[in-house]
Amino acid sequence: MTTLIDRRRIIPAAVDLDTKSLPDSNLHNNNHHHEKHHQVAGKNSHHRHRLARQRSFRKDIGHVATETYLITRLTFTLLQYLGIGYRWITRFLALACYAMLLMPGFLQVAFYYFFSSKVKRSIVYGDQPRNRLDLYLPTNIHKPMPVMIFVTGGAWIIGYKAWGSLLGLQLAERDIIVACIDYRNFPQGTISDMVKDTSQGISFVVNNIANYGGDPNRIYLMGQSAGAHIASCALLDQAIKESGKGENVSWSISQIRAYFGLSGGYNLLDLVDHFDNRGLYRSIFLSIMEGEHSLKKFSPEFRIQDPLIKDSIPLLPPIILFHGTDDYSIPPVASERFASALKEAGARAELILCDGKTHTDLFLQDPLRGGKDQLFDYAVALIHCDDKDAIAKDAIAPPRRRLVPEILLKFARKISPF
């Protein structure tokens, strides 16, 4: 793997019978008996298959209902904490219009998520609420496949594992297993719970992915928005544990080949007022982060500069930060400053600024557009860099399908509340 230092760019037994020794009448009776037996067996087999399909269909429908209820509840929880003022009424209406414009793509991805046999939903990885993950498997697993662990965003309040289904679908098409981790959101948990859940989810994947056809020696981590913040906190915590003496760990940071941070915020002190102005009010944000005194503790940009943890820095995997220059939800300076702090501390880091991209372009609109994509192409190339067969297959892979017409994507971008 190329060293990622000082680089900055813009831019899924039989028994045999001797029939001759039997009398003709016995042979006739035997044949008649066997015919009846096969007819009955065939009917029973058909009946069993039909019952299995019915049970599977009922299970899928039940899962759809459960997931829909959870998503609806998350939405109302968000509104409850943000309050119903003019600002949030307009933002909610903008969000509704935004979702409607992208609905052609959402429906296709939802059908895949709920009904594909290659999606293993809600695998339990811990004993806390929301300790579940989804696995997206390639169609043909003929050898151990590389793995991408994904931690979703959602303002620490409405994060949900299904938000990673589009990424799971598209990476699985390139023979990459994707594990989307769910975690407790506020008010079900605070930031320390989220980081703990994420670390436990990573541990489960690292220790069990071989059972699903994954390669435990080729695991990558990606976080988006709030998920990028949470995943970076989990990585840093793990590095600190491993550099200490006598610490019991359930997974090793050396098993993570690289970390991708998408549109993340890594200095909470700089973001408190910014989020307050955008509607994530200061009192709520501080409750999520366990008080003002904890802001530095959960700010990777600050922690990386602490001389007391300097022995932990070399343990960190290569870190690639992507950020859109037109991101107003979390300004790109957040990734710029974190990249600088990482390099100054001696970590391997790369910053890729994507010209003209918003907070959701990298993760949502661009994948729905299909075709070439800077983030997707970069991630696939890095993951497959030491696999000649995969590289050759990528070279002739068809472009990703367009899921939403361009005109709808342009309208969605204009009214996006993000």
Between [X] and [Y] (side chain of the first, backbone of the second, donor and acceptor by atom type, cut-off under 3.5 Å), is there such a pair?
X: Y259; Y: A228; answer: yes
X: Q188; Y: P129; answer: no
X: D134; Y: S122; answer: yes
X: D327; Y: P332; answer: no
X: S199; Y: A234; answer: no
X: K120; Y: S117; answer: yes
X: S116; Y: Y113; answer: no
X: R282; Y: V272; answer: no
X: E290; Y: S192; answer: yes
X: N185; Y: G159; answer: yes

Taking every non-hydrogen atom, the tightest pair across [X] and [Y]:
X: G371; Y: P399; value: CA-CB, 4.2 Å
X: L221; Y: V151; value: CD1-CG2, 4.2 Å
X: S329; Y: H359; value: CB-CG, 3.5 Å
X: D175; Y: M145; value: O-SD, 3.6 Å
X: L101; Y: P104; value: O-CD, 3.5 Å
X: I181; Y: L133; value: CA-CB, 4.1 Å

Can you confirm whether [X] sits close enough to [Y] that some side-chain heavy atom of one is under 4.5 Å from a side-chain heavy atom of the other?
X: R348; Y: L316; value: no
X: R257; Y: D386; value: yes
X: I330; Y: H229; value: no
X: Q224; Y: L167; value: no
X: T152; Y: Y183; value: yes
X: E336; Y: V333; value: yes
X: Q170; Y: D373; value: no
X: L351; Y: S335; value: yes

Roughly how far, to the nearest 0.5 Å, is [atom2] of [Y] from [atom1] of [X]?
X: L262; Y: T360; atom1: CG; atom2: OG1; result: 12.5 Å
X: L362; Y: F260; atom1: CG; atom2: CZ; result: 13.0 Å
X: Q108; Y: L166; atom1: CD; atom2: CG; result: 10.0 Å
X: L342; Y: I304; atom1: CG; atom2: CD1; result: 5.0 Å
X: S299; Y: M289; atom1: OG; atom2: CE; result: 8.5 Å
X: D276; Y: S283; atom1: CG; atom2: OG; result: 8.0 Å

Exercise. Any salt bridge between E173 and K118, counting N to O under 4.0 Å?
Worked result: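 No, no charged N to carboxylate O under 4.0 Å.
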Exercise. Does a side-chain N-to-carboxylate-O contact under 4.0 Å join D387 and K143?
Worked result: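 Answer for the salt bridge query: yes.
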Exercise. Can you list every ring pair (Phe, Tyr, Trp, His ring centres under 6.0 Å) pair that touches residues 322-351, not counting sequence neighbours?
Worked result: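 Ring pair (Phe, Tyr, Trp, His ring centres under 6.0 Å) check on residues 322-351 returns Y266-F338, F322-Y378.
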Problem set entry | ring pair (Phe, Tyr, Trp, His ring centres under 6.0 Å) pairs, two or more places apart, involving residues 290-318 |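 Every candidate ring pair (Phe, Tyr, Trp, His ring centres under 6.0 Å) pair involving residues 290-318 fails, so no pair, neighbours aside, qualifies.
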Exercise. What's the verdict on salt bridge (charged side-chain N to carboxylate O under 4.0 Å, His left out) for D366 and R369, showing C-alpha distance, side-chain angles and the deciding distance?
Worked result: CA-CA 5 Å; D366 286 352; R369 181 174 285 111; 2.8 Å; yes
Which donor-acceptor pairs under 3.5 Å do side chains of residues 210-218 form with protein atoms, sequence neighbours excluded?
| from | atom 1 | to | atom 2 | distance (Å) |
| --- | --- | --- | --- | --- |
| D215 | OD1 | N217 | N | 2.9 |
| D215 | OD2 | R218 | NE | 3.1 |
| R218 | NH2 | P144 | O | 3.2 |

For this session: May I ask you to check whether Y136 and F150 place their ring centres under 6.0 Å from each other?
Result: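 Centroid distance F150-Y136: not below 6.0 Å, so no.
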Problem set entry | Validation row, ring centre W156 to ring centre F285 under 6.0 Å |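 For W156 and F285, the ring centres are under 6.0 Å apart.
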Exercise. What residues, two or more places apart in sequence or in another chain, satisfy salt bridge (Lys or Arg N to Asp or Glu O under 4.0 Å) together with D197?
Worked result: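 Applying salt bridge (Lys or Arg N to Asp or Glu O under 4.0 Å) to D197 gives R184.
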Problem set entry | Residue list, salt bridge (Lys or Arg N to Asp or Glu O under 4.0 Å) with D394, at least two apart or on another chain |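 So D394 forms a salt bridge (Lys or Arg N to Asp or Glu O under 4.0 Å) with R174.
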Could you tabulate the donor-acceptor pairs under 3.5 Å formed by side-chain atoms of residues 409-418, not counting sequence neighbours?
| from | atom 1 | to | atom 2 | distance (Å) |
| --- | --- | --- | --- | --- |
| R413 | NE | D361 | OD2 | 3.1 |
| R413 | NH2 | G356 | O | 2.3 |
| R413 | NH2 | D361 | OD2 | 3.3 |
| S416 | OG | F418 | N | 3.1 |

